[in-house]
Amino acid sequence: MAASNKSNKLAFLSMPAPASYVAGLGRGASGFTTRSDIGPAREGPSEEVVAEARAKRGEEDVDPEQFQDPDNEYGLFAGMAYEQDDEEADKIYDTVDQAMDSRRKQRREAREQEELSKHRAERPKIQQQFADLKRGLAAVSDAEWENIPEVGNLTRKKRRKEERSFVVPDSVIVGDRAKGEYENALDTRQQEIGGFVTPAESGTLTNFVELGQARDKILSLKLDQISGTASTSGTSTSVDPKGYLTSLDSVIIKSDAEIGDIKRARMLFDSLVKSNPKHAPGWIAAACLEEHAGRMVAARKIIRAGCENCPKSEDVWLEAARLHNNNDAKIVLANAVQHVGQSVKIWMAAADLENDPKSKKRVLRKALEHIPNSVRLWKETVNLEESAADARILLARAVEVIPMSVELWLALARLETPERAKAVLNKARKAVPTSHEIWIAAGRLLEQEATSPESSANKTEEQKTKELDMVDRTIELGVRELRKHQVLLTRDQWLKEAEKCESQGSPRTCEAIVKATVAMEVEEEDRLDTWVSDAESAENRGMVGTARAILAYALKVYPDRRSLWRRAAELEKAHGTRESLDTLLGQAVKHCPQAEVLWLMAAKEKWLAGDVPAAREVLERAFNVNPESEEIWLAAVKLESENGNMDVARQLLQRARDVADTDRIWMKSAVFERQLGQLEDVLKTLKTALTKFPKFAKLYMVQGQIYQRLKNTPAARASFAAGLKACPKNVTLWILASRLEEADGKSIKARSLLEKARLVNPANDELWAEAVGVEERSGGAIQAKAMLARGLQECPASGLLWSLTIWSEPRPMRKTRSVDALKKSADNPLIICTVARLFWAERKIEKAREWFSRAVATAPDLGDTWGWWLKFERMHGTEEHREEVRTKCAAVEPHHSPVWQSIVKDDSNRGKSTKELLELVADALQ
């Protein structure tokens, strides 16, 4: 039995599948077939076959929409059935929502109505805006409706023109065809009458000369008739027969678009003045529009209507006077004063229309009857008076009528004598106790009285000093009185008043104002910095007196500040006299005896003035106070050596070595002996100095240069080597040692020294520039360029290396390189000088001069830049330009740059001035 069941099962499994059988379809799986099952052209069962198979098995078709909630198809419960209790819950929720909404409905509707009304008030509808105009249309007559102009195209868009086509007649086509043809045969009719020339005796010849004469005669008759010279009626016109054709040039021909704009603007202004006839600017704009359109008659008519509708507007009357000629304008303004008699502008315009001074006075005095409290009218009336006495009488009356006018009081004081002016200013001070101008005027009056030549001729210096002190007391009293009356001018306002007094020629009043007010509103710890800043600002504005007064007050408060004394001395040196500078420096060394700089400045000024004994006296006094000051010792040595007293200078150096005993004094002693040619004494001095100061690099430099000058290369090499061992961070020593080896023909050793120097002193552009120079001098241009590139990698902002890079490039690439250099190292004086030289090479003279000026302004201590500028001016400038460069260079006294230092330190140039050294530097630059 079991065997039979097994065989039946195997027989069932081996049976073919029913038609349209899909495996797993009854379990909800979707059947699939492969290409190997269906072959290249078979398809799967269709939907009808699948439905038939399900029907045979008794399966019902499931509607996918029966479980879907129509109100929540894609919600959280989209796959669940929508039952009756769900529907009841939804009804309950709807009822609750309606109840809650009914509670808020009244407030919501009130809020919405309020927002709507507010919106309508801010942005009303177009029909509401024109509602009043619509109501006014009821009174428009038929004739007015007919006269309304047509509205033009306001969209400013070009309308497309309709293209029309017409049938061309055959005659046009035939004529156009025959236009290009020409005849080859002669006309037989012309041959019969004897040729082609029209005989003159036939009477057909036209005389153009007679036609021209007749035309000129007719034109002259018409001109005579127009001008009235040939008129029988005796009437004449204003037409100029000679210039009327020329006057046509003044006619402005307007385009169609402009004419359309004028028409639209005219309509808008017409609507404006009709809707609001009391709006004065509308009438003025409408009249200006007609004036622009060239319709002066219409413009005058409109402005006349404006005067009738706006009689209280002074602008309308002034515009009406402007649009009329002189005589008519007088009539207009005469009517204007009937309506706006209190308008100062109307009266001033009426006075301006008068050409006679008497008539102007009459108008202004009439105006003063109507407006007696107008300061402007009083000032204009006074200005018209020719005599000072009449002006004084008018001003006396003016200050009675307007006692609060400070201008009138000051004008009256200026016209009075000094004694009466004091009385006037006292009255003004009582009438206007809050005016600081009156107090300043009083101070200026006292200063003028004390310094005038007439009054000071019979006065002693003590009396003058007392009167000038009165200026200080007056201004100080004025500041206190103004504070009592709550007039609190700021410190900056007082300083501006001081600068104003200085510009008006009252320096003592300026100083008095500064003394009384410069300490206001400044904290005690900030006073010094604030005052120095104020002085610098005043000096930059050109107010030297104010700056001097500020520094003088600061020196009274801080008499022991040497920086303040030096700043004041620099101010006097730049803007003062030699006597004032000597006086200031004399006071400075008394208050700051330990300040070496002040002693040296005082001695130098005496020396520059040619008073060498006075300079020695100053230095002697400085020795007594500062016996160990090397600066004073060296200044004394320089003074004696420059004046040829070599023995005295040597003795001073010897004493300085005993008293001060500093490394710089020993170095200067060696340099002094070198200048005299005593090389053996120089070596002895250096040997002694090196035992005392083995770390002072300049001693090794001088010693090596002396040996190099004596052709003793091994000793020079040993001196530089000792210096490098003692001072490895000194770049100049490395460069001198490298140049010694290069001069000895050992470029390889020079390179190795510079390589070692770069290891000891990394990122030093001078060492890289020297290495580039070694490669160039040895003939390796490619190696020099590579070295320069390496240097720029290590020192990307070096102006020296960028300058070398620019000049190493070909000419077309230099401008691009200069732009890169300016970006990398902005405001570097070497780059700026290089750019100036590039402009020089391109013959852009003004550009080059401007950039040279920028270079010396950025770093005035670089002598080579001054040399390049002078070299440029020699070629392209005038003698004035060259002298300007020399003067500016002598003022700053540069000390650095390679060529400059080589020229200055040359013993043959000892004793030469800065201008002479500049000439030598310009010659040496290449």
Here the gap from Ser669 atom OG to Arg674 atom CZ, rounded to the nearest 0.5 Å, amounts to 13.0 Å
Mind telling me whether Phe872 and Phe852 have parallel, tilted or perpendicular rings, with 30° and 60° as the class edges? tilted
Glu770 bridged to Arg777 by N-O distance under 4.0 Å: yes
Salt bridge check, Glu680 against Lys684: does any charged N sit closer than 4.0 Å to a carboxylate O? no
When every non-hydrogen atom of Asp661 is compared with those of Phe693, the smallest separation belongs to O-CZ, 3.6 Å
Polar contact flag, side-chain donor to acceptor under 3.5 angstrom, Ser778-Arg751: yes
Could you report the tightest heavy-atom contact between Leu724 and Ala737, atom names first, then the distance? CD1-CB, 4.1 Å
Salt bridge or not between Glu499 and Lys496? Use side-chain N to carboxylate O under 4.0 Å. no
Any non-hydrogen side-chain atom of Trp866 less than 4.5 Å from a side-chain atom of Arg886? no
Let me have the donor-acceptor pairs involving side chains of residues 781-788, under 3.5 Å, with sequence neighbours excluded, atom names and distances please.
none

Closest approach of Val760 to Pro728 (non-hydrogen atoms, all atoms of both residues): CG1-O, 3.4 Å
Can you tell me if CZ on Arg527 sees more than 12 non-hydrogen neighbours from other groups inside 6.0 Å? yes
Closer than 4.0 angstrom, basic N to acidic O: yes or no for Arg874 and Glu919? yes
Under the criterion salt bridge (charged side-chain N to carboxylate O under 4.0 Å, His left out), I'd like the reasoning laid out for Arg567 against Glu539: C-alpha separation, chi angles, the key distance, then a yes or no. CA-CA 12 Å; Arg567 182 71 187 85; Glu539 183 183 2; 2.5 Å; yes
Quick one: does Lys815's side chain get under 4.5 Å of Leu838's, heavy atoms only? no
Might you confirm whether atom CD of Gln654 has over 12 heavy atoms from other residues, nucleotides or ligands at distances under 6.0 Å? no
Would you compute the distance between atom CD of Glu631 and atom OG1 of Thr662 and round it to the nearest 0.5 angstrom? 9.0 Å
Can you tell me how far apart CG (Leu918) and NZ (Lys912) are? Round to the nearest 0.5 Å. 12.5 Å
Cation-pi check, Arg854 to Trp851: give yes when NZ or CZ is under 6.0 Å from the six-membered ring centre and within 45° of the ring axis, no otherwise. yes
Answer yes or no on whether Arg790 is positioned over the face of Trp768, meaning its NZ or CZ is under 6.0 Å from the six-membered ring centre and within 45° of the axis. no
Is Arg717 close to Asp744 at the side-chain level, that is, under 4.5 Å between some pair of heavy atoms? yes
Grab the two heavy atoms, one from Ile735 and one from Leu767, that are nearest each other, plus how far apart they are. CG1-CD2, 4.1 Å
Near Lys698 NZ, under 6.0 Å, is it more than 12 heavy atoms from other residues, nucleotides or ligands? no
How far apart are the closest heavy atoms of Arg758 and Ala771, and which atoms are they? NH1-CB, 3.4 Å
Between Thr914 and Glu893, does any side-chain donor sit less than 3.5 Å from a side-chain acceptor? no
Give a yes or no on whether a salt bridge exists between Arg882 and Glu879, defined as a side-chain N under 4.0 angstrom from a carboxylate O. yes
Taking 4.0 angstrom as the limit, do Glu570 and Lys573 come out as a salt bridge? no
Report the distance from atom OG of Ser808 to atom CE of Met813, rounding to the nearest 0.5 Å. 10.5 Å
Do Tyr553 and Trp531 make the cut of ring centroids closer than 6.0 angstrom? yes
Does some side-chain heavy atom of Leu653 sit less than 4.5 Å from a side-chain heavy atom of Glu673? no
With rounding to the nearest 0.5 angstrom, report the CG to CD distance, Leu686 to Gln703. 5.5 Å
Could you go through residues 594-603 and list every donor-acceptor pair under 3.5 Å that involves a side-chain atom there, pairing it with any protein atom two or more places apart or in another chain?
{"residue": "Glu596", "atom": "OE1", "partner": "Ser629", "partner atom": "OG", "Å": "3.2"}
{"residue": "Glu596", "atom": "OE2", "partner": "Ser629", "partner atom": "OG", "Å": "2.8"}
{"residue": "Trp599", "atom": "NE1", "partner": "Pro593", "partner atom": "O", "Å": "2.7"}

Partner residues of Glu525 under the side-chain hydrogen bond (donor to acceptor under 3.5 Å, both in side chains) criterion, sequence neighbours left out: none
Report yes if some heavy atom in the side chain of Leu683 is under 4.5 Å from a heavy atom in the side chain of Leu710; otherwise report no. yes
To the nearest 0.5 Å, what is the distance between NE2 (His591) and CH2 (Trp565)? 5.0 Å
Ala615 versus Leu639, closest heavy-atom pair with distance: CB-CD2, 4.1 Å
Whether Asp861 side chain and His895 backbone form a donor-acceptor pair below 3.5 Å: yes
